[in-house]
Every structure is written in C-alpha cells, then in structure tokens.
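Read through the structure below, which is laid out as structure tokens, and then see the notes.
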Amino acid sequence: MTKGRHDMDTSNEAFAGRYGPWALVAGASEGLGAAFARALAARGLNVVMVARRAGLLDAVAQRVREEYGVEVRSLAGDLADREFVERLPAECATLSLGLVVYNACEAPVGDLAAADTGELMRVVDVNVRAPVLLLRGLLPAMIERGRGGVVLMTSMAGNQGSPRLAAYSASKAFTRELAEGLWCELKPTGVDLVACCAGAIRTPGFAAAAGKDAPGTLDPEQVAQQALDALGRGPVVIPGAFNRMAAILMTRLLPRRKAITIIAGSTSSLVPANKSKGAT
C-alpha cells in the first residue's frame, strides 16, 4: 500500500524534527550529492551544500532553493584542504546543524604503481582525513543537543580489494569501519549514524569511467532515499536487492581470492578520468 499525502507530510515533519533544521552535504555539486540535497529539501530541511566547483555548486543550490522553498547555502572549497575542512564547523555554528552527509570522494582509476602520487594523496585527504576532521568538528554540538544524524557513503568496492581501484577501495573499507565504530559510540547520545554501502550509481563520474550500467546500477535518487530511510536502523545499509545479494555472495560465500578476481573483471574496463570522453 502506498503512502498518502498526509502520511508523507507527517513522515517528513518527523524527519525534519529529528534531523533538522539544517543538513550539510559534502560533495553536493552533482550526481548523488545533489540527489541528497534534493531529498533533504523535500523532507523540509535547509541545506548547506559543499563542493569544489563553485559555479556548478551554486547552480544546483539555486535549483534546490527554487524547487523546494528551503534555505540553501553553498560553500565552495576543496575537501582535500585541511584548513577548509576545519573551517566548516565554524561556518555552520549558528545553523543548528542536525544532519551530515559525507558523499565526497576521490576515485582514481589505474594500477597504483603507475598512479600520480598527488592523486593518491587526494584519496587519503578527501576520503579519509576530511570526514574524520569534519565529524570531529560537528558531532559535539549534535551530542549536546541529544539528536542528529550522519550518513557516510562507502562502497561495495570496499568489501574486498578492488584492482585498479586499490586506494579508493581501501579508503572505503576505512569509511565502513569508521562508521560501524561511531554507530556504537553514538547510540547512547541520540545521534544516529549509517554507512551507505552503495554499488554502481548513475552519476556523471561513473558514466565517464564505465561507459555503461553495471549489474544492479541504481539512480542517485534511489540511493539517497534508501540511505536517509535507514537512519536509526544502522550501522550499514546496502541499497538495491541485487546489491544486497551480491554482498552476501562476495563477503560470505566466496573465497576471498575468488571475490577479488571477480571484482578485477569488472574494473578492468574502467577508464581513468583524464582519458574518458567529456572529462574536464
């Protein structure tokens, strides 16, 4: 049975009451991050949108503002820049921030031994250091209020080693372990946390690297909605029935060597960003 309009309004009011009035989305200029911003606005939250590309970020922010009638602030900056990340809590100090979505990531494609060291360090800076610093800065206020939520985007690539995505997959394994530990730490405080372990998502970045859908590929709106719906039910949600079955197969049923070999087959055709059509 589908929900009626009144049920949806009531549900959104409850969500906004628990996790609002403001949410921050890191990595919000396109794809999944923009979908999170729209989903949160649809649930009645004001949104702080953070990303590196100022022009694209401002355009998305304006569309969200006009479509949903909420307040939207765009903060342009590089999440690999430690000083920028450490400034973000101060930028949000007056907003009563109740929800954080960390979606930003770096995912260089190719053999690690031939990779640019700067790109590899960006994986560490954006995927590992930035979420730790950001949460360290934002969680105390949520804990003091006794309510709030965190969504950390991880990946099925982090469930085992992923050849040609080795640094990225390792960083996503870190994110999942971080999320599981924090989920338990935060349970007594009233702050909910969930790691969203996603498979392939129809985003501009995935399209540039892969060129076609992988099995189980989801639209970003589906992933954002399922991640937000899983808050309070953590520590981990895997959007999509196909992906949940694949995770069981890869992590519980197959030998580790076999799982890595299967992943190698799916990553062998990925195109590095600077070689993909339309890359900027």
Side-chain angles (χ1 to χ4, degrees), residues 8-29 32-51 54 57-58 60-77 79 81-104 130-153 178-179 182-196 224-225 227-235:
M8 291 295 292
D9 289 345
T10 302
S11 175
N12 288 342
E13 288 175 6
F15 187 93
R18 177 152 184 77
Y19 301 114
W22 282 87
L24 181 146
V25 181
S29 59
L32 181 59
F36 267 116
R38 292 191 296 270
L40 290 165
R43 296 179 186 221
L45 275 69
N46 304 311
V47 187
V48 178
M49 299 176 65
V50 180
L57 180 67
D58 288 343
V60 175
Q62 182 61 25
R63 289 196 295 271
V64 173
R65 190 180 295 115
E66 292 173 352
E67 183 172 355
Y68 297 100
V70 300
E71 292 187 63
V72 182
R73 298 189 183 184
S74 56
L75 297 176
L79 288 160
D81 180 351
R82 178 170 181 164
E83 291 185 2
F84 173 71
V85 175
E86 291 181 330
R87 286 199 309 268
L88 285 175
E91 296 278 358
C92 301
T94 63
L95 298 181
S96 190
L97 195 72
L99 181 60
V100 178
V101 177
Y102 197 89
N103 169 69
V132 171
L133 289 176
L134 189 61
L135 292 179
R136 178 60 184 87
L138 294 175
L139 280 174
M142 293 186 193
I143 293 170
E144 185 176 353
R145 287 196 297 271
R147 64 177 180 86
V150 177
V151 178
L152 295 178
M153 286 305 304
L178 174 68
L182 282 176
W183 169 78
C184 191
E185 287 182 16
L186 294 172
K187 278 181 69 176
T189 73
V191 178
D192 298 324
L193 184 145
V194 68
C196 180
Q225 294 291 357
L228 295 176
D229 287 344
L231 274 168
R233 306 174 188 173

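Residue numbers count from 1 along this sequence.
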So how far is it from K187 NZ to L193 CG, rounded to the nearest 0.5 Å?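 CG of L193 is found 12.5 Å from NZ of K187.
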For the atom pair CG (L57) and CZ (R73), what is the distance rounded to the nearest 0.5 Å?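 Rounded to the nearest 0.5 Å, the CG-CZ separation comes to 14.0 Å.
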Could you pull out the closest heavy-atom pair between [X] and [Y], with the gap in Å?
X    : Y    : result
A51  : A28  : CB-N, 3.9 Å
A227 : F36  : CB-CZ, 3.8 Å
L228 : A39  : CD1-CB, 3.8 Å
C184 : P188 : O-CD, 3.6 Å
A104 : L79  : CB-CD1, 3.4 Å
A54  : A76  : CB-CB, 3.7 Å

Would you find more than 12 non-hydrogen atoms of other residues, nucleotides or ligands less than 6.0 Å from R145 atom CZ?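 Result for CZ/R145: enclosed.
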Heavy-atom side-chain contact between [X] and [Y] under 4.5 Å:
X    : Y    : value
L134 : L24  : yes
L152 : L135 : yes
M153 : L32  : yes
Y68  : L40  : no
R147 : T189 : no
W22  : L99  : no
D81  : V85  : no
L138 : V150 : no

Pairs under 3.5 angstrom only: tabulate donor-acceptor contacts from the side chains of residues 41-50 to other protein residues two or more places apart or in another chain.
{"from": "R43", "atom 1": "NH1", "to": "D229", "atom 2": "OD1", "distance (Å)": "3.4"}
{"from": "R43", "atom 1": "NH2", "to": "Q225", "atom 2": "OE1", "distance (Å)": "2.8"}
{"from": "R43", "atom 1": "NH2", "to": "D229", "atom 2": "OD1", "distance (Å)": "2.8"}
{"from": "N46", "atom 1": "OD1", "to": "E71", "atom 2": "N", "distance (Å)": "3.0"}

Mind jotting down which residue pairs meet the side-chain hydrogen bond (donor to acceptor under 3.5 Å, both in side chains) criterion with at least one end in residues 85-104? Sequence neighbours excluded, please.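 For residues 85-104: R82-E86.
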Test V132 against L178 for side-chain contact (heavy atoms from CB on, under 4.5 Å), laying out the working first. CA-CA 9 Å; V132 171; L178 174 68; 4.1 Å; yes
Considering only NZ, NE, NH1 and NH2 on the basic side and carboxylate oxygens on the acidic side, decide whether D192 and R18 come within less than 4.0 Å.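 A salt bridge links D192 with R18.
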